[in-house]
Protein chains: 2
Amino acid sequence: MPTTDDSRIDTAELDARKAAILNAVVTEYIGSAQPVGSQHVVDAPGVSVSSATVRSDMAALERDGFLAQPHTSAGRIPTDKGYRFFVDHLAGPGSLDPGGRHQVRQFFDHAHGEIEQMLERTSGLLADLTDCTAMVVGPSHESAVIRSVQLVGMGSRQALLVVVLADGAVQKQSIEFGEEVDEARLSDAAARLAAHSLGLPLTQVRAKVPSTGDRSTDAVTAVGVRALRALGAADGGEHLFVGGSSRMAAAFDAVETVRSVLTILEQQLVVVTLLRDILDTGLSVAIGTEHGVEPLASCAIVVMPVSVDGVETGTIGLLGPTRMNYPLALAAARVVGDRLGERLSEASR
Amino acid sequence: MPTTDDSRIDTAELDARKAAILNAVVTEYIGSAQPVGSQHVVDAPGVSVSSATVRSDMAALERDGFLAQPHTSAGRIPTDKGYRFFVDHLAGPGSLDPGGRHQVRQFFDHAHGEIEQMLERTSGLLADLTDCTAMVVGPSHESAVIRSVQLVGMGSRQALLVVVLADGAVQKQSIEFGEEVDEARLSDAAARLAAHSLGLPLTQVRAKVPSTGDRSTDAVTAVGVRALRALGAADGGEHLFVGGSSRMAAAFDAVETVRSVLTILEQQLVVVTLLRDILDTGLSVAIGTEHGVEPLASCAIVVMPVSVDGVETGTIGLLGPTRMNYPLALAAARVVGDRLGERLSEASR
DNA sequence: GTTAGCACTCCACTCTAGTGAGTGCTGAAC
DNA sequence: GTTCAGCACTCACTAGAGTGGAGTGCTAAC
């Protein structure tokens, strides 16, 4: 086939003027949410040609899949591919405005107390900064080392296994015994559990602590071990905090779209794995259908890992319409993610 | 004033036929969300008159404020007052359908694990049952007795105060010392804290445990006491779980309404105090503007206290449009509230 | 390759009936 | 005095026609 292979255009750079035009269209559309006509583009930097020339370039950009027309005599709107090119090649690094930076500083200066509460508030902060819905996946406690194991009696046949981890998280699991158990046996069993598990991360506990069958374990200890192994397995060890879901209602004018997006947000597991999947594919932005979750086809997602002590363990996500402010969202996610990581690293030291 | 005093109609019963007509209008409007015309009412039970008579009754009901007309030549829709009369005098007790009852049984048979997770899932259950947004305010831990106090070292200058309460909740507070503190001093301080607070509810701790100044307390214990007194004060001790917020998007077709309602739902404190206020006024349903939160003017709220060991300590709330299915919502809230209360009572025993 | 000019397209808006569901009123029947 | 058939009336909703304007694609000239 000697003719031009269209599929190769995907990777080809656009010439400078086409890029400038695409940039202008995306930028203006993000601001106005209205299709952009050739006339609105001629004043943009890097485009010093007439509207007629812009039109022919826009037609080319449409042929190549970067722009689309809602109808024949309308302006152009970016396609997912257009946004993708914008994010990858055109958008500057972006930065928070001074007000936003101040807000972040304030927040982390005054953040204190329980980790869960801090993550919850972080999602609110991100939503405020970006006008997007923010998702914060708490650092997994899987790799945190056990600092303390305790059995607290809750009535004659019940106890609560309380495990304190090095990152400040406290996990618990209620235990039911077949027989009455007094405090002495409880503390005895707790001591044995501690001996086996102190200093190990949760993952290791499951692997290394003998499940049962050990001749030295009594019934109480055996039940405790089982509870210990079950710790954190219930919710996958990760908890999701969603902030600013009302922003989705402001972003779309079709109430049906809002409903389906909210429905997704209610499914914690779906969201957590979605964010993980995007990170795993090496992306920091997933646009439109790139992430494969159909109800979010008109949304874009910005993800940012949160590193605690150099290990990527938490995740920050920003959900908005595909015409979201990518530079701002990326900047906010980066800044907040970094600060949050630092903060959590301090706490786990 | 010898003429009829209109304000007295508020408390006056409606005559049987007017009540039947109001009942029919409310019921039909809840189902269809369309203004109801006189023709649609003639077949309703208790209304064996012609549409002309129905019309004149409807006009009277409108004069008395039970019904309203969107415009002159449209059918009638209920006013807040109309819904109020319906809820107070017309709606039957209501009951869950067998499927719903089965769902509730299933849920509580399989509910286990941490209390927070259970409350979260309860909100989802309620949303499923009623098609409303569900709010569950966890039982306050204020009155729960302290079962265990522990100080876990987290590095040389930091520790975590971990308090286990009789209801299975675990509260924590991180502590920073001005000096290095070894394990021995920690456990010593923990023992003193325990001596002073074991068996007391959190409220009593704040009242009775000497704050500082006691000659026998060392620096570590003093800091511990301060942390102990601060426990639970941070979030008012109450945590809100919201489930099914996407249902609000299905209930309204104005995206602006959805946005403002979601914004309210994001403010935990507002929601918690709102539910409490409604309960305190002795209502179990707040319709339209009755609760005074302006953005929720087109919503109704069903509240139900959750009793743990005979004490009303938690709250269940259902949020829907004013044309929600009140009998169903009330039934669901009652059933789930009762079962939840039983469950929590067991756990705290 | 660029551009002014031009014909064309099609949405958004307005205006105008026409339709129909629903009303209020009236006068007669019970 | 309550009920009700009949009737004129109201008004949202819909469809169709006309208009303005934003925007396009094409073409011929530079």
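Every heavy atom of this structure was used, including side-chain atoms; hydrogens, water molecules and symmetry mates were not. Computed from a predicted structure; not experimentally measured. Throughout, a chain's letter reflects where its sequence line sits, starting with A, and its residues are numbered from 1.
Considering only side-chain N and O atoms, B/Thr72 lies nowhere under 4.0 angstrom from the phosphate OP1 or OP2 of D/dT10. Contact between the side-chain N/O atoms of B/His40 and the OP1/OP2 oxygens of C/dG22 is found at a separation under 4.0 Å. An OP1 or OP2 oxygen of D/dT24 is reached within less than 4.0 angstrom by a side-chain nitrogen or oxygen of A/Ser38. Side-chain N/O atoms of B/Arg76 include one lying less than 4.0 angstrom from OP1 or OP2 on C/dG24.
Rounded to an integer number of Å, the gap from B/Glu28 CD to C/dG22 P is 9 Å. The nearest whole Å value for the distance from the CG atom in B/Leu61 to the C1' atom in C/dG24 is 16 Å. Distance A/Arg17 CZ to C/dG1 P: 10 Å, rounded to the nearest Å. Rounding to whole angstrom units, CD1 of residue B/Ile77 and P of C/dT23 are separated by 13 Å. In this structure, CE of A/Met58 is placed 10 Å from C1' of D/dG23, rounded to the nearest angstrom. Between the C1' atom of C/dG24 and the NE2 atom of B/His71 lies a distance of 15 Å, rounded to the nearest Å.
Looking at the side chain of A/Gln69, the nearest of the listed nucleotides D/dG25, C/dT23, D/dC4 is D/dG25. When each of D/dT3, D/dG25, D/dC7 is scored by its nearest atom to the side-chain atoms of B/Thr53, the top-ranked nucleotide is D/dT3. Checking D/dG25, D/dG23, D/dC4 against the side-chain heavy atoms of A/Ser73 singles out D/dG23 as nearest.
Contacts of B/Ala52 with the nucleic acid, taken as non-hydrogen atoms under 4.0 Å apart, include base atoms. B/Gln39 comes within 4.0 angstrom of nothing in the nucleic acid, heavy atoms only.
Put simply, the residue from A/Arg76, A/Arg55, A/Lys18 that forms a salt bridge (Lys or Arg N to Asp or Glu O under 4.0 Å) with A/Glu62 is A/Arg76.
Taking the side chain as every heavy atom from C-beta outward, A/Val25 and A/Met58 approach each other to under 4.5 Å. In this structure the side chain of B/Leu318 never reaches within 4.5 angstrom of the side chain of B/Arg247, judged on heavy atoms.
Ring geometry for A/Phe85 against A/Phe66 counts as perpendicular: the plane angle is over 60°, on a 0 to 90° scale with 30° as the lower cut.
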### Task
Give the C-alpha distance, both sets of side-chain angles, the deciding distance and a yes or no for side chain to side chain contact (heavy atoms under 4.5 Å, CB included) between B/Leu296 and B/Leu274.
CA-CA 11 Å; B/Leu296 301 183; B/Leu274 170 62; 3.8 Å; yes

